[in-house]
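Each remark here refers to the structure printed beneath this line.
What you see is a predicted model, and the numbers here were worked out from it, not measured in a lab. Just the heavy atoms: all of them, side chains too, but no hydrogens, waters or symmetry mates, feed the values below.
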Amino acid sequence: MHTIDARLGSMQVRPADDLAMQRALELAAAAGLRGEIPVGALLLSETGEVLAESGNWKEAKFDPTAHAEIEVIRAACEKLQSARLDNCTLVVTLEPCPMCAGAAMQARIARLIFGADNKDYGAAGSMFDVMRDGRLPHRAEVVANVRATQATVLLDNFFDTKR
């Protein structure tokens, strides 16, 4: 295990976190090939089982809420037949926006692992910190910048082709 800066102290990146992020990066790349912003996400159970995985589907579904995080939260809740994802881990290539961070908090997700900082909409420490806001009844452990360079390259390449 190695340690990574999680903004409010150091958190441990588990080997399984790194493997999950690699899969999230594959999902992000696939989303980019479909014309979506290349973001990928996984939802893991407490034991590390993949409950759901997705990339962004916003453009294809004509749905502004079809971010990768929302897609995996919905699918995992359906699979577990519960609106609560206690002790689960959300792994995503880009720091969640306020909508996605709010959904993660509503689902009571325990851990967030993310790749690249979201300098425009980040809600896990960059712009806001919904995930650890002491005014809210639930907080999550946040591990930032796992494979951040790879996630950033995917995003930069995608937007470079759009310009």
- Side chain to side chain, W57 and D63, heavy atoms closer than 4.5 Å: no

- Task: Taking atom CD of Q22 as the centre, report whether more than 12 heavy atoms of other residues, nucleotides or ligands fall under 6.0 Å from it.
- Result: yes

- Work out which heavy atom in G55 is nearest to a heavy atom in A31; give both atom names and the distance. CA-CB, 4.2 Å

- Is the count of non-hydrogen atoms from other residues, nucleotides or ligands lying under 6.0 Å from E26 atom CD greater than 12? yes

- Message: Are L33 and F158 connected into the same hydrophobic cluster when the rule is that any two of I, L, V, M, F, W, Y join if their side-chain heavy atoms are below 4.5 Å apart?
- Response: no

- Query: Quick one: do V50 and V143 end up in the same hydrophobic cluster if we chain Ile, Leu, Val, Met, Phe, Trp and Tyr together by side-chain heavy atoms under 4.5 Å apart?
  - Reply: yes

- D17 CG to R147 CZ distance, which is reported to the nearest 0.5 Å: 11.0 Å

- Item | Distance, nearest 0.5 Å, that separates CZ of R111 from CG of L90 | 11.0 Å

- Check for a donor-acceptor pair, side chain of T93 on one end and backbone N or O of G40 on the other, with a separation under 3.5 Å. yes

- Is the shortest heavy-atom distance from the side chain of V142 to the side chain of F114 under 4.5 Å? yes

- Under 3.5 Å, side chain of E36 to main-chain N/O of E59, donor-acceptor pair present? yes

- Message: Quick one, L51 and C88 - any side-chain contact, counting heavy atoms below 4.5 Å?
- Response: yes

- Message: Nearest 0.5 Å, please: how far is CD in E95 from OG in S126?
- Response: 3.5 Å

- Same apolar cluster (I L V M F W Y, side chains within < 4.5 Å links), I109/V72: yes

- Message: Is the shortest side-chain heavy-atom distance between L85 and L80 below 4.5 Å?
- Response: yes

- Mark yes or no for whether E69, through its side chain, and V92, through its backbone, hold a donor-acceptor pair below 3.5 Å. no

- Message: Could you tell me if the side chain of V146 sits less than 4.5 Å from the side chain of D18, heavy atoms only?
- Response: yes

- Query: Is L42 close to T89 at the side-chain level, that is, under 4.5 Å between some pair of heavy atoms?
  - Reply: no

- For A68, does its backbone N or O pair with a side-chain atom of N56 as donor and acceptor, under 3.5 Å? yes

- Which pair of non-hydrogen atoms, one from L154 and one from P38, has the smallest distance, and what is that distance? O-CG, 3.6 Å

- Just how far is it from atom OG of S45 to atom CG of N87, taken to the nearest 0.5 Å? 9.5 Å

- Query: Do the non-hydrogen side-chain atoms of M99 and H67 ever get within less than 4.5 Å of each other?
  - Reply: yes

- Contact summary for A140 and R132, nearest pair of heavy atoms: O-CG, 3.3 Å

- Item | Exercise: identify the closest heavy-atom pair between K58 and P64 | CG-CA, 3.8 Å

- Item | From L155 atom CG to Q150 atom CD, the distance as rounded to the nearest 0.5 Å | 12.0 Å

- Task: Would you name the heavy atoms of A52 and A75 that are closest together and state the gap between them?
- Result: CB-CB, 3.7 Å

- Note on the structure: Distance col, row M105:CE vs L112:CG, nearest 0.5 angstrom, shows 8.0 Å

- Item | Heavy-atom pair with the smallest gap, counting every atom of K61 and A66 | CD-CB, 4.2 Å

- Should V130 and I73 be regarded as members of a common hydrophobic cluster, given that ILVMFWY residues are connected when their side-chain heavy atoms come within less than 4.5 Å of each other, either directly or indirectly? yes

- Item | In one Ile/Leu/Val/Met/Phe/Trp/Tyr side-chain cluster, 4.5 Å: F159, L94 | yes

- Looking at side-chain heavy atoms only, is the closest gap between P96 and N118 below 4.5 Å? no

